[in-house]
Structures are given as structure tokens and as C-alpha cells.
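One structure is given here, and the rest of the page talks about it.
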Amino acid sequence: MKNYYVLSNGRVRRESNTLYIETADGAKKPLPVEDVESLYVYGEVDINTKLLNFLSQKRIPLHVFNYHGFYSGSYYPREYLHSGYLLVQQVQHYQDAEKRLALAREIVRGSAHSLLRNIAYYDRRRPGTAAEREPEGEIGNAELPGDPETEAAVDAALDDPSVDTNFQADDDLDPLESSLTLNDDAPSLGQIRATVTALAALIGAQTHVNAVRGVEGKMRERYYQAWRHILSSEWLFERRVRRPPDNEVNALISFGNSVLYTTCLGEIYRTQLTPTISYVHEPGARRFSLALDLSEMFKPLIVDRAIFRLINTGQLDASHFDKSMDGCFLTDAGKRLFLRSLEDRLATIIKHRRLGRHVTYRHLIRLECYKLVRHLTDVEPYRAFRAWW
């Protein structure tokens, strides 16, 4: 099963037991409904209750995005994997401060591992142009050689705050601001890696979820500084700007993150978890905060790597962006190209070292949900995703 994206204006409708996309120029395309994981609507599309009932029957979420590609909302079919016991456990783990903190720390550790993995990878491949640094043959490669030494060092730093760090958490001080004096004028990848590693080592010392979120935010801030070394020099990226994105790289990050958020939501829907109860992000109205928790761990692996590849291999250029309005946004051609790249990433296959079988990156997100379920039901302590290849 896979995601289907509707970028043209027109209509999505049900005819008998088939989904059809009809574009404004009269073209009509059937969708194999049994192969549809989720529908993503970017164009101006008419739908009716007959279609929504059909999507509910087939358990297909529908995600809607506005003209600029920002997420607007989801049609989330009635849940079909109910578990009152798991719901109670999910709520109890949120309400119990210690249990929530333990989960939040582990999720952010997983996020830190993914950030460091990207930095370490490009730090090792520093010589040469940006295009030469881009990994070759990663897409679709089932068994990559990996770098056990780097992975072990990263894991050690995350699991043991005493490793490779001079930082000490102190509740009386702001450990982030007091410890970080990163030079703004282009620190090297090695310096950035050391700083993120040191920040990651502080996760276990934080006593409140807000503080854990603060560490995650600082790590990601430093991680973005590494992008100036990873991307081709003509692509300007100095800082993260969201609404609206102020340049091409920020436009790609915003667009990609929204796709990953809805992908995580779709995977949660296939489990017994409730998407509105989360542990790192605060549950709130009008958002599925558990999808935010999960997506933090997978952004570097899926979204960021897709961006690096598209830019460094020259597949994206200025014609794929629209700066005529307030901000910078992907054109329809840019959206198509980026969505195709994201789908390639989600479909990438690796051999799961514990399951002993091949799984896609998308399925790794589902497996992360199952790990959470096992933790919440006291079957097995949760250990966040850490790429091992």
C-alpha cells in the first residue's frame, strides 16, 4: 500500500467500488483502492459524503493541504482497533510525571541519534563537492555496511552523559545557555557534532518534560547549522523560518515535515494507539500530538536526507520555487518532485536486525508504534528508534 497525492484541481469521487480522480481538463484516473494507504489533497478538489463513507469503509485517511502546501487537516476514519485497556494505560503514562518524563527522554534520545547520524555521515565524507558527498546507492539498498564504530560512539554518548562531554546539568543554572558558546561564524561539522553530542548527554539529567523539549530544540538548532556544510554553497540556509518560509530550504523543510507528520498519523491509525495523547509535545486541541513525537525521530532519516539528495544532485533549481508572494513556496512541479523523493525514502527497504526480515522505512514508523504499545502495556521497556545500518 502507498500514499496517493492529488495535486491537480478537480474532483475525487466514488463510482461503485472504485476511487476516481477527475481533473479540471476532463482526465479521469482510477485508483486501486486496496492499494491506497492514505490520500493527500493539495489541489482544489470537490468531495462528497459518498466518498467519505467509502474512505471510512476502506479505512483510508484523507489529508488536506492549502495552496502553499501547509497542512490544513485530516479526515480520520472511525478507529477500528479499539483497546480500552491501552487507552487507560496511555493516559496514565501521560498523567504520571515520572512515566511521562521517562518516555519523553527516550523519544528525544532517538531524535538525537538521528541528528547525530546525519552529521557524522557528512563529516566523514567532507572532502569533495556537495554532490560527491551525497550517498550513492542508498535508496533501495537492503543491507548497508554502516559504520559500527560511529554508531557505538553515538549510542554511548546518548546513554552515558559522562562520555565525550564537559557539560554538567545543574538545576540552578540554565545548562543550555550557560554551556553553549558556539561561534556563529561557521563552526565545523566536527564542532557541531560535539556540541549536539554534549547536548544529547544532558537529556537524562532534565527533570521536566519542558526542559527535555528545550534540549531537543537546541540540538535541532545546532543541527541546522551543519546544513551549510552539507548543502551546495548556492543554497542559502542560515536559520529555520516557518510561516512563511523565507527561502527554498525552509520551504522544503516545512513541506517535508508536514508530509511526515501525516505519514506518522496514518501509521498510528493502523495501531491501537490514540494519536492525541503524547509525551514530548503537549496534547492540545486541533492536533495529533503523538504524530509530532514520532516524526521527530524520523525527520533526519526521511525528510532531511531527501532534501540533501535533491539539492546536491542538482534535481532542484530555482524554477521549482515561487517567491512572487510573501514567502517562498514550492511550485506544483517542485511539489511533485519532492513528493516522489519522499515516497522513495519511505519505500526504502532495509533488513531489520531484530525481526530478521526486510521492512520499509514507512514500516519502521509502525514498528515504533508497536514498541510504544509494548511499553505502555508493561511488556517491554521502550527503546526509541536508532538507525543501525
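No side-chain heavy atom of Glu368 sits less than 4.5 Å from a side-chain heavy atom of Glu267. Side-chain contact between Ile311 and Glu248 is absent, with no heavy atoms from C-beta onward closer than 4.5 Å. In this structure, Ile253 and Trp227 have side chains that are in contact, with non-hydrogen atoms separated by less than 4.5 Å. Side-chain atoms of Arg117 and Ser114, non-hydrogen and from C-beta on, never get closer than 4.5 Å to each other. Pro283 is not listed as a side-chain neighbour of Thr276, based on a closest heavy-atom distance of 4.5 Å or more. Looking at heavy atoms from C-beta onward, Phe338 lies in side-chain contact with Ile307 at the 4.5 angstrom threshold. A heavy-atom distance below 4.5 Å is not found between the side chains of Val259 and Asn3. Looking only at side-chain heavy atoms (C-beta outward), Leu292 and Glu296 stay at 4.5 Å or farther from each other.
The two residues Leu260 and Ser295 make their nearest non-hydrogen contact at CD2-O, 3.6 Å. Taking every heavy atom of both residues into account, Ser72 and Asn66 meet most closely at OG-N, 3.5 Å. Of all heavy-atom pairs spanning Ser111 and Arg220, the tightest one is OG-NH2, 3.3 Å. Of all heavy-atom pairs between Arg100 and His281, the closest is NH2-O, 3.6 Å.
Just one residue in the list Ile365, Leu342, Ile268 forms a side-chain contact (heavy atoms from CB on, under 4.5 Å) with Thr263, and that residue is Ile365.
A salt bridge links Lys58 to Glu34: one of the charged nitrogens lies within less than 4.0 Å of a carboxylate oxygen. By the 4.0 Å N-to-carboxylate-O rule, Arg340 lies too far from Glu343 to be salt-bridged with it. Taking a cutoff of 4.0 Å between a charged side-chain nitrogen and a carboxylate oxygen, Glu15 and Lys28 qualify as a salt bridge.
Arg13 contributes no side-chain N or O that, together with a main-chain N or O of Asn48, makes up a donor-acceptor pair within less than 3.5 Å. The backbone N or O of Val241 sits less than 3.5 Å from a side-chain atom of Asn250, completing a donor-acceptor pair. Side-chain N or O atoms of Asp293 include one that pairs as donor or acceptor with a backbone N or O of Val280 at under 3.5 Å. When atom types are taken as modelled, the side chain of Ser341 and the backbone of Leu337 share no donor-acceptor pair closer than 3.5 angstrom.
To the nearest 0.5 angstrom, Ile119 atom CD1 is 6.5 Å from Ile192 atom CD1. We find the CG-CG distance between Leu364 and Leu346 to be 10.0 Å, quoted to the nearest 0.5 Å. In this structure, the separation between CG on Asp317 and CG on Leu310 is 11.0 Å, given to the nearest 0.5 Å. A distance of 14.5 Å separates CZ in Arg14 from CD1 in Ile47, rounded to the nearest 0.5 Å. Note that the CZ atom of Arg109 and the OH atom of Tyr382 stand 11.5 Å from one another [nearest 0.5 Å]. Distance check: Leu339 CG to Arg336 CZ gives 9.5 Å after rounding to the nearest 0.5 Å.
The stretch residues 22-41 participates, sequence neighbours left out, in these ring pair (Phe, Tyr, Trp, His ring centres under 6.0 Å) pairs: Tyr5-Tyr40, Tyr40-His63, Tyr40-Phe65.
Residues Tyr121 and Phe308 place their aromatic rings such that the two centres sit no closer than 6.0 Å. Checked against the 6.0 Å centroid criterion, the rings of His363 and His352 do not qualify as a close aromatic pair.
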Which is it for Glu216 and Lys299 under the salt bridge (charged side-chain N to carboxylate O under 4.0 Å, His left out) test, yes or no, and what are the steps along the way?
CA-CA 13 Å; Glu216 202 280 336; Lys299 283 176 186 174; over 6 Å; no
Under the criterion side chain to side chain donor-acceptor pair (under 3.5 Å), I'd like the reasoning laid out for Asn118 against Tyr223: C-alpha separation, chi angles, the key distance, then a yes or no.
CA-CA 9 Å; Asn118 271 2; Tyr223 166 72; 3.0 Å; yes
